[in-house]
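Have a look at the structure below before the remarks.
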Number of protein chains: 2
Amino acid sequence: MLKKERHDFIMRQINLHNRVLTSDLVQLLNVSEDTIRRDLQELVDLGKLYKVHGGALSKSYHSSFDDSTVYARDSKIIIAKKATSLIKDGMVVLTGGGTTVLEFVKQLPENLEATFFTISPLVAVELAKYNNIEVILIGGSFSKNSQVSYGGSVINQLSEIKVDLCLMGTSALHPDAGMTDTDWEINQLKKAMLAASKKSAVLCISEKLEITLRLKVCPIESISYLVTELNNDDLLLQPYLSKNNVNIL
Amino acid sequence: MLKKERHDFIMRQINLHNRVLTSDLVQLLNVSEDTIRRDLQELVDLGKLYKVHGGALSKSYHSSFDDSTVYARDSKIIIAKKATSLIKDGMVVLTGGGTTVLEFVKQLPENLEATFFTISPLVAVELAKYNNIEVILIGGSFSKNSQVSYGGSVINQLSEIKVDLCLMGTSALHPDAGMTDTDWEINQLKKAMLAASKKSAVLCISEKLEITLRLKVCPIESISYLVTELNNDDLLLQPYLSKNNVNIL
DNA sequence: CGTGTTTTTGCGGTTTTTTGCAATTATGTA
DNA sequence: TACATAATTGCAAAAAACCGCAAAAACACG
């Protein structure tokens, strides 16, 4: 069996069961432990899975249960602070969920007067702490993974509003492929959010740039503002993005 | 089972119940006590939980326990535990907000299969921790005081559903005046919730009994179940309530 | 086709990690 | 205080990971 075939086999197992045991793979693929370990290490280097003593776990599995510690918190705070400059008194804003957006809300100026629509209950609770912000929570089926409202009724409600700016995080952004995602419902949701907004801002830590996932949300030129933790000079994509009218923050 | 998986399992239990017993984990994970103790110690080193004699507690629980902002927490826990007996597999339930309802959600049995509608984002987030509970968050204008969705759109959405049981806290309950409130919008909301439900349960600490506020929500006989922290014998209203077909828990 | 190079793979030996056991100590409770 | 339960410690066996090496296979190129 070719190495590539083994890698594909391992990734199938990972996607199916979220985990693999070294010992199982030795039996199934009929190669030595060392070979399996080398395979796993290579897949780790490609960022495709997570290695632990005794086997490996899928990346999504790992991140979804690790909710007590926010990953890359420092970067997210930098992004959040930058993003607040987009918000002016009197604006009507729509936000998604996620730790970066939540951090953004915490950084807003105390006396901001604005109206916020949001699909995230945690964001709503945080926004409610501001006296002069009107909060409208958009409800629907509640996603256990992403902790936001989703589904048909959310899409319907979004189709009835038009806001100045929509603000969301993303799992992947690529100069050619644009914004992409893995979950179909979240994908639909983001499309509807963009359609409901005059302008859009995407909050994205740099390591998620230049990654492409299965489902396309929108092309790169649909994004009005990209907010990362990098300086403009350090952002290699900068010229390409500017060409597509994406403002960099 | 891999060590990482055990750690994730433990953290899930902690997030769900705010505590774990060493002895329970030994049975559930089928490893020796020593292994569990080492696991717990490692999670302590990672700052993810708090170790005590006999098991471990969640960090948030520990801090919220010290946090005296939750008034009469002990009574509310008693009420919450009693109220869980009203919920059976397969039920469709509607809940309001408030600390007592939130505590109720935390006390639900781990594998409950049910559908919950709620107007409270915090309740939704807490419910989402249960694998077999479907959560539908009802959105609308968000109340800074009561931390729930309210207003016309909520009333509309409530008019479209019919659930088995509606569960809410209250600020006042009186044998003659029934359930009363001070806030007009919350008043309307509660009426709509009751109208959307076949049966209703009111969670109420005893000190709010025999109080009357300005706005009437419903007469006493509209309440199917009253849950307080008292024993039946200590509840002076008991005969009167039974006469009006209110079940006491 | 032949030869030198790179890649892949398995093996032996060593080190690290994990786990359970037993003996001891600590803790909480009647 | 005494007793039961839980925690700690040291230890040893088993499992897994690591390291260097060499055989085998695949590849490149004249």
Side-chain angles (χ1 to χ4, degrees), chain A residues 1-66 68-69, chain B residues 1-66 73-74 77-78 81 110:
Chain A
M1 176 171 287
L2 299 171
K3 184 159 79 161
K4 183 76 170 74
E5 291 179 299
R6 283 202 312 272
H7 284 197
D8 289 345
F9 182 88
I10 293 171
M11 285 315 297
R12 266 204 304 277
Q13 295 285 314
I14 283 276
N15 286 330
L16 214 54
H17 303 117
N18 283 324
R19 57 172 272 200
V20 285
L21 303 183
T22 311
S23 53
D24 286 354
L25 290 174
V26 167
Q27 292 211 333
L28 288 166
L29 297 172
N30 206 35
V31 287
S32 74
E33 287 193 354
D34 301 72
T35 302
I36 295 297
R37 283 200 196 93
R38 273 186 283 249
D39 285 343
L40 292 178
Q41 187 55 54
E42 284 164 36
L43 291 168
V44 168
D45 294 342
L46 291 172
K48 293 192 166 187
L49 45 74
Y50 191 83
K51 203 155 161 288
V52 295
H53 194 94
L57 300 172
S58 91
K59 277 206 142 181
S60 59
Y61 174 85
H62 173 246
S63 60
S64 67
F65 285 107
D66 196 9
S68 56
T69 45
Chain B
M1 176 170 288
L2 298 169
K3 184 163 78 162
K4 185 75 172 69
E5 291 180 301
R6 282 202 313 272
H7 285 195
D8 287 339
F9 182 89
I10 293 171
M11 286 315 298
R12 239 180 313 172
Q13 295 285 120
I14 283 277
N15 284 332
L16 210 55
H17 298 120
N18 285 323
R19 61 169 218 153
V20 285
L21 303 182
T22 311
S23 52
D24 287 354
L25 290 174
V26 167
Q27 293 212 331
L28 288 167
L29 296 172
N30 207 34
V31 287
S32 73
E33 287 193 353
D34 303 70
T35 302
I36 294 298
R37 288 207 187 88
R38 272 186 285 247
D39 284 342
L40 292 178
Q41 187 55 53
E42 283 165 38
L43 291 169
V44 167
D45 294 342
L46 290 172
K48 292 191 168 187
L49 46 74
Y50 189 60
K51 202 154 162 291
V52 294
H53 196 90
L57 300 173
S58 89
K59 282 205 140 183
S60 60
Y61 175 81
H62 187 244
S63 59
S64 72
F65 191 76
D66 293 340
R73 190 162 207 275
D74 293 343
I77 290 178
I78 295 173
K81 282 187 177 156
E110 172 143 9

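Within every chain, numbering begins at 1; the chains are lettered A, B, ... in the order of the sequence lines, protein sequences first and strands thereafter. For the numbers below, each heavy atom of this structure counts, side chains included, while hydrogens, waters and symmetry mates do not.
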Nearest-angstrom distance from the residue atom CG of B:Leu29 to P of C:dG20:
11 Å

Heavy-atom side-chain contact between B:Val52 and B:Arg19 under 4.5 Å
no

B:His53 NE2 to C:dT29 C1': how many Å, rounded?
11 Å

Round to the nearest Å and state the distance from A:Asp24 atom CG to D:dA15 atom P.
15 Å

note: B:Asp34, atom CG; D:dA13, atom C1'; distance rounded to Å ~ 15 Å

Between B:Lys51 and D:dT8, does any side-chain N or O lie under 4.0 Å from OP1 or OP2?
yes

Check the surroundings of atom CG in A:Asp45: do more than 12 heavy atoms from other residues, nucleotides or ligands lie under 6.0 Å from it?
yes

Phosphate oxygens OP1/OP2 of C:dA26: is one of them under 4.0 Å from a side-chain N or O of B:Arg37?
no

Would you indicate whether the side-chain heavy atoms of A:Leu49 and A:Met11 approach each other to under 4.5 Å?
yes

Using whole Å, what does the distance between atom P of nucleotide C:dT6 and atom NZ of A:Lys3 come to?
16 Å

Any side-chain heavy-atom pair from A:Lys48 and A:Ile10 closer than 4.5 angstrom?
no

Check this one for me: any side-chain N or O of A:Arg38 less than 4.0 Å away from OP1 or OP2 of D:dC19?
no

Whole-Å distance separating the CD atom of A:Gln27 from the C1' atom of D:dA15
15 Å

Quick one: is B:Thr35 getting a side-chain N or O under 4.0 Å of the C:dT18 phosphate, OP1 or OP2?
no

Have a look at A:Val26 and say if it touches a base, only the backbone sugar-phosphate, or nothing, with a 4.0 Å heavy-atom cut-off.
nothing

Nearest whole angstrom, please: distance from the P of C:dT8 to the CZ of A:Arg6.
9 Å

Can you tell whether the side chains of B:Lys4 and B:Asp8 come within less than 4.0 Å, N to carboxylate O?
yes

Mind calculating the distance between CG (B:Asn30) and P (C:dT18) to the nearest angstrom?
19 Å

Below 4.0 Å: OP1/OP2 of D:dA7 and any side-chain N or O of B:Thr22
yes

